Structures are given as structure tokens and as C-alpha cells.
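A quick write-up on the structure given underneath.
The first residue of the sequence shown is numbered 1, and numbering continues consecutively from there. Predicted, not measured: the structure shown is a model, and the values here were computed from it. Every heavy atom of this structure was used, including side-chain atoms; hydrogens, water molecules and symmetry mates were not.
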Amino acid sequence: MPALIARPLRMLSTLIAMTMAVTVAYSVPAQAAGLIRDAETEYLMRAFADPIFRAAGLDPKAVKIHLINDSSLNAFVAGGQRMFLHTGLIQQSDRPNMLIGVIAHETGHMAGGHLSRTQQALKSASVPIIVSTLLGIGAIVAGAGDAGFALIAGGQTLAQRDMLSYSRIQEASTDQAAVTYLDQVGWSGRGMMDTFYLFRDQEVLSERQQDPYLRSHPLSSQRLSALEERVLNSPFVDVPDPPEWVAAFDMIKAKLHGFIDRPAITFRRFPTSDTSVPARYARAVAYHKMGDITRAMGEIEPLLAAMPNNPFIWELKGQVLFESGKVKESVAPYRRAVELAPGSPLLHVGLAQSLIGLERREETLEGLQHLAIADRTDKENSRAYQQAAIAYARLGDYGNAELSTAERFYVLGQLPRAKQHAARAQVEMDEGTPGWLRAEDILQEKPHGS
């Protein structure tokens, strides 16, 4: 926003004066970071988090979990009941319990109302706006002022509000709340304690070298001592992670490495001599990124032979085929994935994309049915709206094509473009119809922060 850019020095002085660092991504260039959607990872995160949410008195259905592609160990809550987990936190956690401990801690911040002012500022914002704002603040604090202010401008005026910082008193009370939640569900708090040991070892580093979680969640010897006493005296301190948790966790870590790392790094981490399931998973993704469908399938087929009822391996097969131009062949794997996990909206979107890609009326209509199923539980998937726009345009329904495009830009936080397409949708629709009224809602929407 022009007003924001016109006051950079005043804003920067406000940021420097903050006593606690904000919870943002510092370790990679802001433009390289972004949101990740993955059905398998989201499924496992929900399996870990939902019991904790219930123990904290929160409705799991009301809490959204988002993944940010960033290599740092970090997590935060913002924008109402939204939890953000960095991929680095997942990849650097040695076992599920370490990640679960952080989830329990962040749940304590949510349940404790520690972010009430920030929540008011961010609760109605779209997820991309929240992320761009926090990344922008982080870039400024890290010294990349121009990039930071540009990101914040994209995030509208939210950066002028109080950002995420926590007092030492809040941190200590949240630790205790987290252990209480873990005790209620019968899980060990040792993982949370071990994660905080990692952060304690970073305290000797300069601020710009530390992971952002440490800067925004201040540690103290007194706080760690209190946490240790509570965890070590818990009757569940030595409860191990179930083997199925460990296996599933290893799979998503391997998949994330495959998609995020360069193929050469993936092959060094998972050499062909390693024939384990996670290693094959990572290499399949790496080969796919290289455009080598033969080798990708050479890794996927043994996985399916070993785990024929794993919907996410079927999903990967469908994705590899679709993105390799084999649209027709991709339908069956995606269909099998949906059959095995019908409650996953992302799998329905994947199948819909393949069906719509066939460019035939019957399959296009079926694709729209799967997009409607996905929309019931996930109204923030911009890819789903993009596919719906393609499908409606192919069917000659230009009103709904424009409305779907408007919804896509609305989810992405690009309100001016959303309004442009909403106005076009109304031209194509009869006044007073549900679609026309939804377009009107978008046209009447006020910019966040205004």
C-alpha cells in the first residue's frame, strides 16, 4: 500500500523496538518460501494434532493446519484458529513425538488466548496475506528491507499491527498446558523437551543464525527446568511412538525431501543401495522432477506391491502420469486413491484434474462432482477453483467459470482481481441466483485492514 511504503522508517523503528522477535521465516529468501498442500502430510498432521486440540477444549474442525515451505525449525499460530508448520520442523524432527510436542505447545498459545490482539488483526485475512506479512517482517528484521516492505505491501496493512511475540511468562505457562494436553491423551512430553534442547544449543549463535522459533519463543534455564520436572514426573514420559506413526512420519519426511531438495541431494540422501520404502518414495519424486518417468515408475511399482492400500502412493502414481502428459493413464491411480481415502479433499481435486484433462463432457461433469465434494471440507484450495473454472468454460458455462476464477483470486488474497471476475460473472448470470449473490458478496468485500 502506498501509505505503508511511505512510512518505512517509522515502521522499522517500531519493529526494532519490539522486545521479542516475530515468528517468521528467515532462513530462505522470502520469494522462495510458500504454502504447500499435500494430502499425506496434512492427514498425518491432523492425526497428531486433533487429539491435542480436543484435550485443549478446541474443536478440531475449526482449526486449520498449514504447511510453509521453509527449512527453518518454526511453527506459529495466527489468523484465528490457524496453525502454521514449517517443513523444516518436520524434516529436522527425529521422531513424531518431537513434532507433536511443538504442536501441543502452539495449541497452548491458541487455547490460552495469547494472540488475541494479533488474532483480531489477522483472523479475517487470507492465508497468503498472513504468510506474506510475516515473511516481510522477517526479511526486514533480517536486513532485507526492500524485499520485506514489498512483501508487506502485498500483505496490505496487517504489518502495522502487533505481530507474533510471546512473553517468558506466557511461554512457561504454555509449556505446562502442553504437557497437560499430552498427559490427557497419554502421550509423552519428552519430544517437546528434546526439541527445546535443540533450541537451547542455538542460543550461542547470533540472532540471524538462530532458528526463528527460538527468537519468538524465548527460552530460560528456569523455564526448561520447570518443563523437565513436569515431563519426567509424568506417568507417560516413556511411552514410545507407535511403530505406525514412525513409519508414516518417515514417509512424509522422505516425500518432502524429494519434492523440496534438488534431485542430486535426494540421491545422496537416499542412494539406490537403500531399498527401504521411504528411500524409494523420495527417489520416485526426484526422478519425476527430472522428467524420468521410467525410473520414477520403477520406484513406485515396488511401493504399491508392498503397500497396495496406501492411497498416497496411488496419488503419486497419478500425479507422475498426469504431469508426464499421460492424462488418460492417470485417472485410474487417482480413482483408486480416492476409493481408499474418500475423506481427503486434495485427492478428489487430483482426480478431478485428471478427469477434466481428458477434455470430454462426461468426464468433465464427473470432475466437477469431485470438486464439489472437496469444497465441502476445503474452501481454501485455489487449485480446485482453477480446475472448476476450466471445467465450466469447457462446458460453455461462462458465468460459473468467471465466478470460480473470482473465488480463486479471493482465496489467494487478490481481492481486486477477484472483484473483476465477480463483476464479469454477474453479467453472465441471472440476478438473484445463488451464483450472482456469491459474486455480489465478493464485490462488497472490504480490503483487509481497511
Side-chain angles (χ1 to χ4, degrees), residues 1-4 34-35 37 59 61-64 66 78-82 118-133 152-161 345-346 348-349 352-353 355-356 361 364-450:
M1 301 290 287
L4 174 62
L35 293 165
R37 297 298 309 270
D59 178 4
K61 294 181 180 179
V63 182
K64 304 294 184 182
H66 305 280
Q81 295 188 49
R82 295 183 184 274
T118 304
Q119 305 290 36
Q120 285 299 313
L122 294 174
K123 68 179 181 180
S124 62
S126 69
V127 170
I129 286 178
I130 294 171
V131 173
S132 66
T133 299
I152 292 168
Q156 303 185 33
T157 62
L158 295 176
Q160 301 176 63
R161 315 290 183 88
L346 290 179
H348 283 279
V349 173
Q353 180 174 257
L355 291 166
I356 294 166
R361 179 179 177 82
T364 298
L365 289 170
E366 184 187 353
L368 284 172
Q369 292 175 0
H370 284 283
L371 292 176
I373 293 172
D375 187 64
R376 293 172 193 163
T377 55
D378 184 1
K379 297 184 179 297
E380 298 182 349
N381 190 332
S382 62
R383 177 177 160 222
Y385 290 121
Q386 181 184 40
Q387 289 302 310
I390 294 171
Y392 282 122
R394 189 161 291 151
L395 294 171
D397 186 347
Y398 300 110
N400 275 310
E402 291 288 359
L403 180 59
S404 296
T405 304
E407 295 279 19
R408 173 175 173 245
F409 285 119
Y410 182 81
V411 165
L412 291 173
Q414 300 180 32
L415 188 57
R417 297 188 70 178
K419 289 188 174 188
Q420 290 176 1
H421 289 279
R424 294 174 187 171
Q426 284 193 330
V427 172
E428 300 288 340
M429 295 176 165
D430 293 332
E431 184 172 353
T433 58
W436 189 95
L437 292 173
R438 173 55 190 153
E440 183 66 18
D441 288 342
I442 294 174
L443 289 169
Q444 297 302 319
E445 185 77 20
K446 301 295 183 184
H448 297 302
S450 64

> Just wondering, more than 12 heavy atoms not from Asp59 lying within 6.0 Å of its CG?
Replying inline: yes

>> Please give me the minimum heavy-atom distance between Ser382 and Val411, naming the atom from each residue.
In response: N-CG1, 4.2 Å

> How many angstroms lie between CD in Gln414 and CZ in Arg408, if you round to the nearest 0.5 Å?
Replying inline: 7.5 Å

>> Show the nearest heavy-atom pair for residues Gly367 and Ala352, with the distance to one decimal.
In response: O-CB, 3.3 Å

> If you look at every heavy atom in Ala422 and Ala406, which pair is closest and at what distance?
Replying inline: N-CB, 3.6 Å

> Looking at Ala389 and Ser404, what are the two nearest heavy atoms and their distance?
Replying inline: N-CB, 3.7 Å

> Are Arg383 and Gln353 side-chain neighbours, meaning at least one heavy-atom pair lies under 4.5 Å?
Replying inline: yes

> Atom CG of Asn381 and atom CZ of Arg37: how far apart are they, to the nearest 0.5 Å?
Replying inline: 5.0 Å

> Which pair of heavy atoms, one from Ala391 and one from Ile356, lies closest together, and at what distance?
Replying inline: CB-CD1, 3.7 Å

> About how many Å separate CG of Asp375 and NE2 of His370, when rounded to the nearest 0.5 Å?
Replying inline: 14.5 Å

> Would a 4.5 Å heavy-atom cut-off, applied to side chains only, mark Asn400 and Met429 as touching?
Replying inline: yes

> Is there a side-chain contact between Asp378 and Val349 (heavy atoms, below 4.5 Å)?
Replying inline: no

> Is there a donor-acceptor pair closer than 3.5 Å between any side-chain N or O of Tyr385 and the backbone N or O of Leu403?
Replying inline: no

> Under 4.5 Å between any side-chain heavy atoms of Arg361 and Leu365, yes or no?
Replying inline: yes

> Does any non-hydrogen side-chain atom of Glu380 lie less than 4.5 Å from one of His66?
Replying inline: yes

> Do Asp441 and Glu445 have side-chain heavy atoms sitting under 4.5 Å apart?
Replying inline: no

> Looking at CG of Leu395 and CD1 of Ile390, how far apart are the two atoms once the value is rounded to the nearest 0.5 Å?
Replying inline: 12.0 Å

>> As an exercise, state the distance from CZ of Phe409 to CD of Gln386, rounded to the nearest 0.5 Å.
In response: 9.0 Å

> How far apart are the closest heavy atoms of Glu428 and Gly399, and which atoms are they?
Replying inline: CB-CA, 3.4 Å

>> Would you say that Thr405 contacts Arg424 through its side chain, given a criterion of any heavy-atom pair below 4.5 Å between the two side chains?
In response: no

> Counting only N and O atoms by type, is there a donor-acceptor contact under 3.5 Å from the side chain of Arg394 to the main-chain atoms of Thr364?
Replying inline: no

> Does Glu407 reach the side chain of Ile442, with side-chain heavy atoms less than 4.5 Å apart?
Replying inline: yes

